[in-house]
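The model shown is predicted, which means the values in this text are computed figures rather than measured ones. Positions are given from 1 along the sequence. Only this structure's heavy atoms are used, side chains among them; waters, hydrogens and symmetry mates stay out.
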Amino acid sequence: MKKILLAVAFACCALTSLSVMAEEQTVTMNVDKMHCATCPITVRIAMEKVDGVIEVDVDYETKTATVTFDDSTTTAAEVAQASTDVGYPAALVNDE
């Protein structure tokens with residue numbers, strides 16, 4: 001019984017360590033081809049479907065998206081690709 005409890009305790013500690021190593025990252029992207037007030041909804045939904053995305057805020061006026069994601073699960077490039085795939089090319093603000 002002690003061996004089982006020790007194994008469970010070790011597994012819990014290992015999982016806690018893994019989740020501490022994962023970090024949230026927030027990036028801002030330029031989003032092209034948005035031409036009406038409903039376009040940001042399509043962009044937001046596409047980005048939110050990417051595993052690891054935590055929050056998306058798309059601003060029609062500035063044609064940008066601010067995205068928070070778990071960088072152990074996805075990358076900014078994958079999030080940008082999701083927007084591009086639905087017709088709204090996205091790129092990191094600093095990638096110009």
Please lay out, stage by stage, how Val67 and Thr26 fare under the test side-chain contact (heavy atoms from CB on, under 4.5 Å).
-> CA-CA 5 Å; Val67 185; Thr26 300; over 6 Å; no

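Members clustered with Ile45: Ile41, by chain and number, using a 4.5 Å side-chain heavy-atom cutoff among hydrophobic residues.
For the side chain to side chain contact (heavy atoms under 4.5 Å, CB included) test, residues two or more places apart in sequence or in another chain that qualify with Glu55 are Thr68. Annotation: side chain to side chain contact (heavy atoms under 4.5 Å, CB included) contacts of Thr64 (sequence neighbours excluded): Thr28, Asn30, Asp59, Thr62. Residues forming a side chain to side chain contact (heavy atoms under 4.5 Å, CB included) with Ala76 (at least two apart in sequence, or on another chain): Val27, Met29, Phe69, Leu92. Residues passing the side-chain hydrogen bond (donor to acceptor under 3.5 Å, both in side chains) test with Asp85 are Gln81, sequence neighbours excluded.
Of the inter-residue distances, the one linking Thr75 atom OG1 with Asp70 atom CG reads 11.5 Å to the nearest 0.5 angstrom. Atoms CD and CG, on Glu24 and Asp71 in that order, are 9.5 Å from each other to the nearest 0.5 Å. For the atom pair CE of Met47 and CD of Glu78, the computed distance is 12.5 Å after rounding to the nearest 0.5 Å.
When all heavy atoms are compared, the tightest approach of Val79 to Val53 is CG2-CG2, 3.7 Å. Across Thr84 and Ala90, no two heavy atoms sit closer than the pair OG1-N, 3.3 Å. Residues Ala37 and Pro40 approach most closely at O-CD, 3.3 Å, considering heavy atoms.
Residues Val56 and Thr66 have side chains not in contact (no heavy-atom distance under 4.5 Å, counting atoms from C-beta outward). For the pair Ser72 and Glu23, the minimum side-chain heavy-atom distance is 4.5 Å or more.
Pairs of residues two or more places apart, or lying in two chains, that qualify as side chain to side chain donor-acceptor pair (under 3.5 Å) and include a residue from residues 33-47 are Arg44-Glu48.
Side-chain atoms of Lys63 come within 3.5 Å of backbone atoms of Tyr60 as a donor-acceptor pair (strictly under, hydrogens ignored).
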